[in-house]
Protein chains: 2
Amino acid sequence: MTSRLEALCLEKGLKMTGQRRVISQVLSEADDHPDVEEVHRRAVRIDPRISIATVYRTMRLLEDAQVIERVDLGDGRARYEEATADHHHHLIDTRTGRIIEFASPELESMKERIARELGYKIVGHRLEIYGVPLDEDERP
Amino acid sequence: MTSRLEALCLEKGLKMTGQRRVISQVLSEADDHPDVEEVHRRAVRIDPRISIATVYRTMRLLEDAQVIERVDLGDGRARYEEATADHHHHLIDTRTGRIIEFASPELESMKERIARELGYKIVGHRLEIYGVPLDEDERP
DNA sequence: TCTGGGATTGCGAACGATTTTCAGTATGAT
DNA sequence: ATCATACTGAAAATCGTTCGCAATCCCAGA
Ligand SMILES: [Mn+2]
Ligand SMILES: [Mn+2]
Ligand SMILES: [Zn+2]
Ligand SMILES: [Zn+2]
């Protein structure tokens, strides 16, 4: 009954309200990258007395607490996903909007090397690929 | 007297107005990544009768004409640079805001390979690195 | 060189995402 | 159960950007 995110909130000493419980549940159950409106839509289905302002506030709270991560996919709004141990990036199908996750240790170390050569230590980075499906005959 | 961008606009058959001439000059002379407000500030210095709305419109026009490129550095506003033949990315110094450009053919081909393996053809991509200067003793 | 009409401009209003304000409400330590 | 305090809903404010509209400008054609 207690979602993973709810547990994390308690751990951080945050006051556990009904709306935070619901939003935590929604985010724990999500396996996609919902924006704030979508989180609100899903939350309202569980408890209609949740305002969009509270969703905005809670998303920021959880982001600051490093419990969720903001994903910027280029459309104007912020999307979110549960923070996981394994770092990854996104390939966005520009025809369908489908989001494919991928990770590449080689790419990460190449990026580290580039920063070091420029005299910098990485504190954050962002990488997204936008693409369309390959034609049948060019599949690897 | 005729800036590089002005020439490009004429080539594309765009009507050459006073404000477009000034904005083209500002962008041709810029060697950084100004946002719209900054372009407006510089344009007004040359000719005070240029409105911010016209700058917004002209930036979009030039972007659509592929004469300039939009750069999204994560702060809320759009930044721009002259479109060049050579593709590159940005490393942002989070302490000073300084922007360092870099290019990496290896990184580009690795990115192509990843997309192909996922069954996709790349139509666009974005990569930014945020970092802080290395300490003296960890310089390569 | 002069002219007509479509393209362009300046202004302010409208916009969409997000934040803030504020008065009322709920939480959790006591 | 009480109470201080943190949290909430609703609406207003903010920020970057776009739009509507009447006035103005550019330039192909005369
Ligand atoms: Mn993801
Ligand atoms: Mn650049
Ligand atoms: Zn990465
Ligand atoms: Zn690239």
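Per chain, numbering begins at 1; letters A, B, ... match sequence-line order. These numbers come from a predicted model, not from an experiment.
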**Study point:** Nearest atoms (heavy-atom pairs only) where A:L107 meets B:I114
**Key:** CD1-CD1, 3.3 Å

Exercise for review: Working to the nearest 0.5 Å, report the span between CD of B:E82 and CD of B:E29.
Suggested key: 10.5 Å

Practice item. Using atom CZ of B:R79 as one end and atom P of D:dT17 as the other, report the distance to the nearest whole Å. Key: 10 Å

Practice item. Return the value, rounded to whole Å, for the distance between atom CE of B:M16 and atom C1' of D:dC25. Key: 14 Å

Check your understanding: Salt-bridged, B:R49 to B:D47, with N to O below 4.0 Å?
Key -> yes

Exercise for review: Indicate the ring-plane relationship of A:H87 and A:H125, choosing parallel, tilted or perpendicular according to the 30° and 60° boundaries.
Suggested key: tilted

Review point. Angle, rounded to 10°, between the helical axes spanning five pairs at each terminus of the helix from C:dT1-D:dA30 to C:dT30-D:dA1?
Key: 30°

Revision key, fill the gap. Regarding the side chain of A:K15, the nearest nucleotide among D:dG9, D:dC7, D:dC27 is D:dC7

Revision key, fill the gap. Taken to the nearest whole Å, CD1/A:I23 to C1'/D:dT8 is 11 Å

Check your understanding: Of the nucleotides D:dG9, D:dC7, D:dG16, which one has an atom closest to the side chain of A:T17?
Key -> D:dC7

Point to revise | Short side-chain N/O contact from B:Y56 to OP1 or OP2 of D:dT17, under 4.0 Å | key: yes

Check your understanding: Which part of the nucleic acid, if any, lies within reach of B:I52 when heavy atoms closer than 4.0 Å are counted: base, sugar-phosphate only, or nothing?
Key -> nothing

Practice item. Can you label the angle between the A:H33 ring and the A:H90 ring as parallel, tilted or perpendicular, going by 30° and 60°? Key: perpendicular

Practice item. Taking B:H88 for its side chain and B:E101 for its backbone only, find out whether a donor-acceptor pair lies under 3.5 Å. Key: no

**Study point:** Positional range of nucleotides in DNA chain C within the contact set of chain A, heavy-atom, under 4.0 Å
**Key:** C:dA17 to C:dG28

Review point. What is the distance, rounded to the nearest whole Å, between atom CG of B:L61 and atom P of D:dC19?
Key: 14 Å

Exercise for review: State which of D:dC19, D:dG16, D:dA6 makes the closest approach to the side chain of B:R77.
Suggested key: D:dG16

Study note, to complete from the structure: Of B:R21 and B:R70, the one whose nearest nucleotide on DNA chain D sits closer to the 5' end is B:R70

Review point. Any salt bridge between B:E37 and B:R77, counting N to O under 4.0 Å?
Key: no

Practice item. Round to the nearest Å and state the distance from B:R57 atom CZ to D:dT18 atom C1'. Key: 9 Å

Exercise for review: Grab the CG-C1' distance between A:L14 and D:dT8 for me, whole Å please.
Suggested key: 15 Å

Side-chain donor/acceptor pairs under 3.5 Å, residues 53-60 of chain B, sequence neighbours excluded:
from  : atom 1 : to    : atom 2 : distance (Å)
B:T54 : OG1    : B:S51 : OG     : 3.4
B:T58 : OG1    : B:T54 : O      : 2.7

Exercise for review: Specify the separation, in whole Å, of atom CZ of A:R20 and atom C1' of D:dA6.
Suggested key: 8 Å

Point to revise | Non-hydrogen side-chain atoms of B:R116 and A:L134 separated by less than 4.5 Å | key: yes

Review point. Checking A:R70 side chain against A:E63 main chain: does a donor-acceptor pair fall under 3.5 Å?
Key: no

Study note, to complete from the structure: From CD of A:Q19 across to C1' of D:dG9 the rounded distance in Å is 9 Å

Review point. In terms of the nearest nucleotide of DNA chain D, which residue is placed more toward the 5' end: B:A78 or A:G18?
Key: A:G18

